[in-house]
Structures are given as C-alpha cells and as structure tokens.
Colleague: 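Here it is: the structure, laid out below.
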Amino acid sequence: MKERDYDFVTIEKKWQDYWEKNKTFKTDDFSPKPKCYVLDMFPYPSGAGLHVGHPEGYTATDIYCRFKRMRGFNVLHPMGWDAFGLPAEQYAVDTGTHPSETTKKNIETFTRQIKALGFSYDWDREINTTDPGYYKWTQWIFIQLHKKGLAYIDEIPVNWCPALGTVLANEEVIDGKSERGSHPVIRKPMKQWMLRITQYAERLLADLDGLNWSEGIKEMQRNWIGKSEGAEVDFKVAGHDDVDITVYTTRPDTLFGATYMVLSPEHALVEKITSAAQKGEVDEYRSKAARMSDLERTGLNTEKTGAFTGAYAINPVNGHKIPIWIADYVLSTYGTGAIMAVPAHDTRDFEFAQKFGIEIKCIIDPDKKEAEAAKISVADVLAGKTCWTMDGALINSSNAEGLDINGLKVDDAKRKTISWLEERNLGKYAVNYKLRDWLFSRQRYWGEPFPIIHMEDGSIRLVPENELPLRLPPVEDFKPSGSGESPLAKAGDWLDYTDPVTGMKGRRETNTMPQWAGSCWYYLRYIDPRNTDAPFSPEKEKYWMPVDLYVGGAEHAVLHLLYARFWHKVLYDIGIVSTKEPFMRLINQGMILGISYKDSKGVLIPTDKVEHTNDGPVHKETREKLIEFPAKMSKSLRNVVNPDDVIKEYGSDSMRLYEMFMGPLEAVKPWNTRGVEGVYRFLKRAWKMVAETEIDDNAVMSKEQLKVLHYTIKKVGDDTDTLNFNTAISQMMIFVNEFTKCERIPREAAEAFVKILAPYAPHLCEELWEILGKKDSISYVPYPEFDEEFIKSNEVEILIQVLGKPKARIMMPAGTAAPEMEKIALANEEVVKAISGKTVRKVICVPGSLVNIVAN
RNA sequence: GCCCGGAUGGCGGAAUGGCAGACGCAACGGACUUAAAAUCCGUUUUCCGAUGAGGAAGUGUGGGUUCGACUCCCACUCCGGGCACCA
C-alpha cells in the first residue's frame, strides 16, 4: 500500500507547467490524421474576470478535444480575445487610462484563470482583435465589402444617447434606454456606414437548413430574417393622376376588403397628397411622430393614433375610393412604407378602424371548425363586429373585369389575385424581409478605424491595402466629442490626408467599427494567426474549415452568428474561403444560475444576509424564513460564484467535472457549491483506487468486473462523443464504486479507467498515468476499445407483468425465444397465483426484456 | 400578442414506447476516533399496513392511442428564453 495524498494543488501546477513547456497541444497545420476544428466563442475580457458560466462551454469543448485527440484526430482548439468594446473605453473616459492598458490587464487575468482550468488550447494561436496585426485584416475585409458595393453611407436616424454622448446600436438599447446605465435614448439622424446584409437575406435563410444546429436557434434566425411573401399593389390617388402609391401586403386575397389606406408618417408622398384642409393636422401628427423615441412609438403603448390626409386612393380591384391616413403603426422601413388596411381581417387595422369609425367590410366566411376552436362567433365576423385572420371561404370578392375569388380558400385566392394583378400591370408578387441593413459604424475610439478617407471633392477613397493596418492614433482624452463624432475627431494630424499625386486634401473617417467586426472572422484567423501577407493561407483554410463544433452562449444566437455567416458568404463569393457556411454544428450551453433567496413577499435577499439553519435559510437580521430558488447571477444578489475560489478549495479537475455533472450541457442549471463536494469525493476515490492500491499485473477479472469495465468504456466513449458528459461521469462513478471493492486493482482496468477519465480530469489522470509507470503524456494515448462479448450476459432477468403490472422476475438464458419465454412465465408460481381465475387473452413477449400477460 | 424551450423525490438530474427515480447532493442510522474532520457501510418517492409480510398511488393538469406511456397525439396550467404594430 502506497501512502500518497490526492494533492491537487501540486499535481495541477505540475502538469500545467508540463503542457506549457512541452507544447503538448501545439497543433500541426497539416496532418494525415482527420481534422477536427473545435471552437469556443471567444470572450470579451471584462474587468470582472471569469464567472462560472464561462468555463462551462470551455470545459465541454476541452473534454471533446482531448477525447478526439485520443481517437486519432488532429484537433484545432484555439482561444483569443474579443477585446474592443465599450467598457474599456468608458473606463478610459473616467480615468484617462488608455483602453489598451485596461485590455492588456484584463486579458492577463482571463489568461491566468483559463490556464488554471487546464484547457488544452494551442496558445501559440492566441489572437486579439485589438492587435493591429489582426485588425489589419478586419480592415482588409471591410475594403473587400466596400469593393463589392456592400458598404455604403446613409443618413439614418440612430439611437442617440445624450448622457453617454454617443450613438448606440439597436442591440445596446433595451426598452428605449441604454443597456449600460439606463439613460434615455432618442432618435437623431446621422451619417453612418451600413452593410448590405439584406442582399444576403435569402441565402442566410436557405442555408440554415443544412446546418446541424438546434432547431430553436435556427428558428430564431429565421424569425429575425423574417421572410414573408405577398404582393405589391399599386393604388391610384383620386385627383392626382401623376401619383401611384405602392403598398405591400401578404394578403392580396383581401383586396376587396380594403376600406382605407395608411402611409407611414415619413412616407415621401404624404406632403404631396395631403389636402389643404388636413394639412395642419397631418403636419402636427408627423412632427409628433418624429420626436418620439422607438419605445414610445412601438412599445407598450398599443393605442392606435393617426391623421386623415384628405386624399383618397382608388382600389384597383373594384374602383372604390378609400381614405388615405397616416399612422405610426405603419413603419417606413418595412415593405413600401404603405399598407392597404383590411380591418375585417387584420387585428391592427381592426383596432384602428374601430377607433376612427372606418368601415369594416367582411370578405371571408370563417372556417367553421377554426372559428369554434378560437371561440369566435361566425355571425359577428360576417357583421364586421369581430376580426377574423384565419382561413375561410372568400365572399363579396369579384369584379366585372374577370376577377372572381368567391368561394376560394385564402391560399388559392391569393394566387389568383396576384396573377390577375400581374396580367393588368397593377401589382406583382413580392417578397419582404424584416432583416435590415447592418448599422456598421460607432462614434467611439476603441474599435477598428475605417480604412476610408473623405476627399475634399466629396469622393470617398479607400486606404491602399499596402498601407494597412490603419492604426488607432493617440488622443488627448477619450471623451466623446459631444456632437456625436467619435473621439477620433480630436486626433489632429492623423485626420489629415494629402494625395501624393494630385495634392488633394482629405480627412480620415472618424467612426470606428462595432465590436461585432472582429468576431465576424476570428475563426478563420486561428487557422493561420501569424500570416502577414494574407488573412490566412488558402491551403490551411481548405484543410481546417468548416468549424466542426462551435460552443457558446445563447445570447449570440442571432446577431453574432448572423453577422459572421454574412461575412463568411461574402468571403466565399470573393473566393477566399471554400465553404458556404462557417459553423457546421452549434451548441448553446445553458446559463448557470446562482442560488438566491426571497422572503414570503417575494423580496430578493442578498446571499450575504442569509443564514442557514436546520429549518432552512433565514434572514440574518429579521430571522424570517426564506425561500431558496435559482436566479441569474448578479452582483446585487451577491450570488456570483468565482471559479478561482472553487479551484482553490477543490482543484480545477473537480471544477471541470462539476460543471459537466450538473446536467445536460444545453440546459439552464443552478450552481450548488455542495455539488462540487460530490465530484471531488469521486476524484479522491479514483485517486485512491489507482494511486494507493496495489496494481495487479496478472489479475483475472471476474465476469462482473469485465462487464462493468467494458460497459464503462463503451458508455463513456459514446456519451463523450455525443456531449452527454453528465451521464458519462455517472458511469465512471459506477466503475469506481465497483472497483474500489478490490484489494488489488487489475492493471488493465486501472489503465483503461485512467484513459477514459483523462479528458475530464486531465491533471489527475496525467499523474495517475505516470504512477502507472508510463513515460509520456496521456494526451495522445489511444482511447481504449471495448469488447461487446464481455458486456453481454448469458442470463438475463425477464420481468413478468400481468396487465402491465410487475409480478415476477425470472432469470432466463440470453436469447430465449418468445414462445419459450411465454412457457416459462406461465409456469411461474407467482404468475399462476396472479392469473388464477382469469382467462389469458394475450401474451406479449419482448425477448431480453419482459413478458406481459393480458388476463382478466 | 407571436415563436421556441421546459415541468420527474427534500435538491441537481437518469431512463431505444418495456421494472420510474441510475449517478450525485442533502438528511438519517451505524463503524472508525478521546473528540471532531476526513473516510467507510447502510437507509431514504408518497400513502396504507404494525416498524413485518404485503398492498396502493405516483413523472405539472385533463383526455386519447397502446398489451404497456415520463416517452406518442389533443386540450390546458405554470415557468424560462427570444421577438414584438414587420402589413
């Protein structure tokens, strides 16, 4: 018996140093082995450091990578930093510290924390989006986008936040307030760089089908792209022969029910068609709408407002004159900014018509079954008292010019109406997307400068590619200019440009790119991170792409993934990447919640105000009983768990194991530090089983031992491959429970166990591997094989049920056929008792499992 | 409002349509110890029964399909996430 303690502090330090010194995880650029590219969403290195949510995904991918290496794959597993961003800039505004210093410090903390978890990254490929050697190529890609006509300047209303003195992106505005600081946000027109992502809408939508992503995420992207099909229909305006108004509708079948038209307040034709009598009212409404923020306009306030223009449109299908209104429930940015309103069959139009007393004309006789299911009275619909948006048969819908859709179902009526409109040149089939072009500039310092010069003749010039990177200039201070321009407007000489040939002067673009830019292509740079002549070599790209597994938080389900896919498709179109899609398989790890407490009134109590008694948690001061429940980790609740503390107490192998043992990777799970204790005990038992037990080189294992050993190899291998880490760990616990019964552990069992545990607890297993007398790292040792023969049993327990209720269990030889099973079952004493006095109607036999006797 | 998830012991969770609750936590009982910690062994879904033998119920609710349903279908409730006047 050897006396050794499971000294995780020493062991973990030892092997982390070993891996670093030996560059154990350095990845070959090319290899005859099959490749496997496993990617983590790289973090923004915040000042707060890592919390327990970060390592969840990182641990999962690390286990998978280590497993794949043992299975003979050439694995690419890199890490880097998405290091541009607002927090470092705001800190700079407050303290004058250059964001690069803050960023450097934060990256050091993150690196230390991540390395402490023993992840097998190839650190030689570390990248940083703020490194000029990296953003040189981000700028280069922008130039390619510009050359393809995908980047343009537009004057558009942006989210202007007076308190921050800067413009915010839509994703940084929550409920009309800034994400940071909750300051009010208003709309202000400003010249902005835009990217034409809408040009790729159809491909971004269609190519989702081939991806191995969860349906939920794909659906979110589909909804975001928001494709709809319908028609554009041209309406004449009475008294304005030179004006046509085009509306977009998904319901061309309801044209006969259109009783008014609505233009968005910003619509270009409003001024032209408004009658003198209505001008005052219309102007007032328009200026009111312009002053309103997005929140006020689209938020909780669903009360419909609008103003009549005094003009009338002519319905192309029946020549009826319908009033034209303006209302802010019609958006200028979607479709044509104008709609035909069919109050009988659109809930928004219905509300509006009711409020303003406009005619509601029913033209669909509701489907009886659907009406009943929706608890809607058909009579009310027909009388125009209730809105009906579902299927039914068209009524009152024919004209003298050959259009008759009466009696048709909605779908058929749509088709027929569109062809009628197209034949007469009154309208056409049309597709629309909710997706908008991407606002790509920020009025900030800490981002990639645009490689753009505004020449004094008004032209726009690209910085020549051989002059990249265009570095961020030093500035006096980082405060926003206040006018909306970025702090770069204060960069003095840096701004000036003189054409070396013509002498024409120009000024550099002062906007910078958004944080998304760097993260849109980082997965490509890892492939060839130090290349100074190209973003990456084509040969390496062909070998490594696409990413086989991408793991990250669901908060990036829409924007990051959509933007990155967009850039990738552009790079595909210019021929520098070989795949249409970057990420073949995507997993979103579930959020880890903290334990929180509330009192009977539901008031949240910070964790440091809680005392644990035998009766459960109570409030330290009031002694009131508290309810424990999981909630998002937050500073205010003081329920944030710091990985450093966990590692200090239990070691990083325990931390890794617990993160995976909590539950399925994709599920939302509450953190419970007591649970770490459980996996820590398991590792100690595993240590004892191998390191403190005599190894038996010549052991002959019992049938039961062989079965547990081989089943464990199979189960852990399968579960690791499918990322079901929690059940893999359970099976290894079962293995330890079985083999700690031995006085001497069979070498074969010990070695196999250390190998299958190695991806999960790599430090411990390297140490155990050394104790087992091995010289080299366990990282590339082939994964053990199992033999099905040992897993099969000669005898199986067959459950005998009567009417589905378990009555007896009988051992039978494996492979007993159904008729034989039935015979044995019916002869069983318990069974005879259970069915006495009853007639056997039917016997169901499932070989290897059960017999169910139907008797009554 | 719409879309997507989810609901299983005191807790985290496990179960190709085939023995619900594996594995772990917590709790309780025991061993070791002067004692504690650590460790080891055992018990633990609920109810009836005597604390036994035994029996009944049970996977959010109500129905259905099936010899058999946590699993499939229909309706509903609650919780979480996303979107939100997109015509």
Side-chain angles (χ1 to χ4, degrees), chain A residues 214-224 226-228 230 247-251 254 262 264 297-304 327-331 333-342 345-349 351-352 373 389 432-436 554-555 557-558 588 590-591 593 595 614 616 628-630 632 657-658 661-664 666-679 681-682 684-685 688 724 726-734 736-737 740 797-809 841-846 848-855:
Chain A
S214 76
E215 264 321 301
I217 301 294
K218 287 205 242 181
E219 203 54 36
M220 278 166 72
Q221 294 225 342
R222 287 190 193 109
N223 290 342
W224 192 264
K227 181 179 184 175
S228 72
V247 302
Y248 173 71
T249 178
T250 56
R251 294 294 302 272
T254 60
V262 188
S264 71
R297 216 167 134 163
T298 67
L300 308 164
N301 178 17
T302 51
E303 181 74 7
K304 295 284 181 288
D328 64 4
Y329 82 92
V330 172
L331 309 175
T333 47
Y334 184 79
T336 60
I339 62 156
M340 63 173 208
V342 184
H345 306 292
D346 180 286
T347 50
R348 296 153 302 186
D349 298 344
E351 282 170 26
F352 190 88
T389 58
N432 252 297
Y433 301 92
K434 283 196 232 175
L435 186 69
R436 309 283 167 76
E555 66 272 25
V558 177
N588 287 113
M591 207 189 336
L593 304 175
I595 292 183
N614 283 344
E628 200 176 279
F629 74 104
K632 261 189 198 170
L657 216 57
Y658 178 63
F661 187 60
M662 275 192 285
E666 294 181 80
V668 176
K669 302 162 287 260
W671 177 274
N672 182 352
T673 299
R674 281 190 294 249
V676 187
E677 193 90 36
V679 294
R681 279 204 278 262
F682 159 69
K684 274 201 290 188
R685 280 159 59 86
K688 224 166 135 182
N724 294 114
N726 55 333
T727 49
I729 295 167
S730 296
Q731 185 57 39
M732 290 190 276
M733 288 173 168
I734 292 171
V736 169
N737 290 344
T740 43
E797 189 185 80
I798 302 293
L799 174 77
I800 316 297
Q801 298 177 324
V802 175
L803 283 171
K805 305 220 157 151
K807 289 292 170 194
R809 290 170 178 84
R841 307 283 175 192
K842 196 172 177 183
V843 181
I844 291 100
C845 295
V846 183
S849 179
L850 58 71
V851 177
N852 189 12
I853 299 162
V854 185

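All values reported here derive from a predicted model rather than from experimental measurement. Chain identifiers are assigned alphabetically (A, B, ...) following the order of the sequence lines, protein sequences preceding nucleic acid strands; residue numbering begins at 1 within each chain.
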Colleague: Please report the closest heavy-atom contact between A/Lys669 and A/Pro664, naming both atoms and the distance.
Modeller: NZ-O, 2.8 Å
Colleague: Can B/G30 be described as syn, meaning its chi torsion is within 90° of 0, or is it anti?
Modeller: anti
Colleague: What interatomic distance, in whole Å, is found between C1' of B/C67 and the corresponding atom of B/G82?
Modeller: 43 Å
Colleague: In whole Å, what separates the C1' atom of B/A20 from that of B/U45?
Modeller: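 Each nucleotide's C1' atom is 10 Å from the other's.
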Colleague: What is the distance, to the nearest angstrom, from the NE2 atom on A/His345 to the P atom on B/A87?
Modeller: 17 Å
Colleague: Rounded to the nearest angstrom, tell me the gap between atom CZ in A/Arg841 and atom C1' in B/G68.
Modeller: 18 Å
Colleague: Provide the Watson-Crick or G-U wobble partner of B/G49, both distances under 3.5 Å; none if there is no partner.
Modeller: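 Pairing partner: none.
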Colleague: Rounding to an integer number of angstrom, what distance separates B/G13 and B/U8 when you compare their C1' atoms?
Modeller: 9 Å
Colleague: For B/A87 and A/Ser228 - does any side-chain N or O of the residue sit under 4.0 Å from the phosphate oxygens OP1/OP2?
Modeller: yes
Colleague: If I take atom CE in residue A/Met662 and atom P in nucleotide B/G13, what distance separates them, rounded to the nearest angstrom?
Modeller: 10 Å
Colleague: Under 3.5 Å for both donor-acceptor distances, Watson-Crick or wobble: does B/A20 have a partner, and if so which one?
Modeller: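 Its partner: none found.
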Colleague: Is any side-chain N or O of A/Tyr329 closer than 4.0 Å to OP1 or OP2 of B/A87?
Modeller: no
Colleague: Would you kindly check if the NZ (Lys) or CZ (Arg) of A/Lys227 is within the cone defined by 45 degrees around the ring axis of A/Tyr433 and under 6.0 Å from the six-membered ring centre?
Modeller: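 Not satisfied by the 6.0 Å and 45° rule.
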Colleague: What is the separation between atom CG on A/Asn588 and atom C1' on B/G6, rounded to the nearest whole Å?
Modeller: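 Atom CG in A/Asn588 sits about 16 Å away from atom C1' in B/G6.
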Colleague: Do A/Ser228 and A/Tyr248 pass the side-chain hydrogen bond (donor to acceptor under 3.5 Å, both in side chains) test, and can you show the C-alpha distance, the side-chain angles, and the key distance before you say yes or no?
Modeller: CA-CA 10 Å; A/Ser228 72; A/Tyr248 173 71; 2.7 Å; yes
Colleague: Return the CE to NZ distance between A/Met591 and A/Lys632, rounded to the nearest 0.5 Å.
Modeller: 4.5 Å
Colleague: Taking atom types as they are modelled, would you say the side chain of A/Lys304 forms a donor-acceptor pair with the base of B/C85 within the 3.5 Å cutoff?
Modeller: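 Counting by modelled atom types and ignoring angles, a donor-acceptor contact under 3.5 Å is found here.
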Colleague: Name the residue closer to the 5' end of RNA chain B, choosing between A/Lys842 and A/Val668 according to the nucleotide with the nearest heavy atom.
Modeller: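 This one resolves to A/Val668.
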Colleague: Parallel, tilted or perpendicular: which one describes the rings of A/Phe352 and A/Tyr329, with boundaries at 30° and 60°?
Modeller: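 Ring orientation, 0 to 90° scale: tilted.
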Colleague: Between B/A87, B/C4, B/C67, which one does the side chain of A/Glu219 approach most closely?
Modeller: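 Of the candidates, B/C4 comes closest.
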Colleague: I need a per-nucleotide contact map over nucleotides 14-24 of chain B, read 5' to 3'. Cutoff is protein heavy atoms under 4.0 Å; write B for the base, S for backbone only, - otherwise.
Modeller: S---BB--BBS
Colleague: Please state the P separation for the pair B/A75 and B/A14 - nearest whole angstrom.
Modeller: 27 Å
Colleague: Under a 3.5 Å cut-off for both contacts, is B/C76 paired Watson-Crick or G-U wobble with anything, and if yes, with which nucleotide?
Modeller: B/G60
Colleague: Once you round it to whole Å, what is the distance between P of B/G13 and CG of A/Asn724?
Modeller: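 It works out to 14 Å between those atoms.
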Colleague: Who is the Watson-Crick or G-U wobble partner of B/C2, with both distances under 3.5 Å?
Modeller: B/G82
Colleague: So what does A/Gly216 touch, heavy atoms closer than 4.0 Å: a base, only the sugar-phosphate, or nothing?
Modeller: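 Touches sugar-phosphate only.
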Colleague: Do any side-chain nitrogens or oxygens of A/Lys688 fall under 4.0 Å of OP1 or OP2 in B/U39?
Modeller: no
Colleague: I would like to know whether A/Val736 and A/Phe682 meet side-chain contact (heavy atoms from CB on, under 4.5 Å); could you show each step before the answer?
Modeller: CA-CA 8 Å; A/Val736 169; A/Phe682 159 69; 3.4 Å; yes
Colleague: What integer distance in Å separates A/Tyr248:OH from B/A87:P?
Modeller: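 Interatomic distance, OH of A/Tyr248 to P of B/A87: 6 Å.
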Colleague: May I have the distance from A/Phe682 (atom CZ) to B/U39 (atom P), rounded to whole angstrom?
Modeller: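 That distance rounds to 15 Å.
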Colleague: For atom P, what is the distance between B/U59 and B/G21, given to the nearest Å?
Modeller: 14 Å
Colleague: Looking only at atom P, what distance separates B/C76 and B/G1, rounded to whole Å?
Modeller: 13 Å
Colleague: Could you tell me whether A/Thr333 contacts a base, only the sugar-phosphate backbone, or nothing, with contacts defined as non-hydrogen atoms closer than 4.0 Å?
Modeller: nothing
Colleague: Paired with B/A27: which nucleotide, if any, by Watson-Crick or G-U wobble criteria at under 3.5 Å for both distances?
Modeller: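 Answer to the pairing question: B/U43, which forms a Watson-Crick or G-U pair with B/A27.
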Colleague: Is any NZ, NE, NH1 or NH2 atom of the basic residue among A/Lys684 and A/Glu677 found under 4.0 Å from an Asp or Glu carboxylate oxygen of the other?
Modeller: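 So A/Lys684 does not pair with A/Glu677 through a salt bridge.
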Colleague: Kindly say whether A/Val846 contributes a backbone atom to a donor-acceptor pair with the side chain of A/Ser849 at under 3.5 angstrom?
Modeller: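 Not a single qualifying donor-acceptor pair exists.
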Colleague: For A/Ile853 and B/G68, give me the distance from atom CD1 to atom P, rounded to whole Å.
Modeller: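 The distance from CD1 of A/Ile853 to P of B/G68 comes to 15 Å, rounded to the nearest Å.
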Colleague: Please measure how far the C1' atom in B/A31 lies from the corresponding atom in B/A15, and state the result in whole Å.
Modeller: 35 Å
Colleague: For A/Val851 and A/Ile798: C-alpha separation, side-chain torsions, deciding distance, then whether side-chain contact (heavy atoms from CB on, under 4.5 Å) applies.
Modeller: CA-CA 7 Å; A/Val851 177; A/Ile798 302 293; 4.0 Å; yes
Colleague: Could you work out the separation of B/C41 and B/C25 based on their P atoms and round it to a whole Å?
Modeller: 12 Å
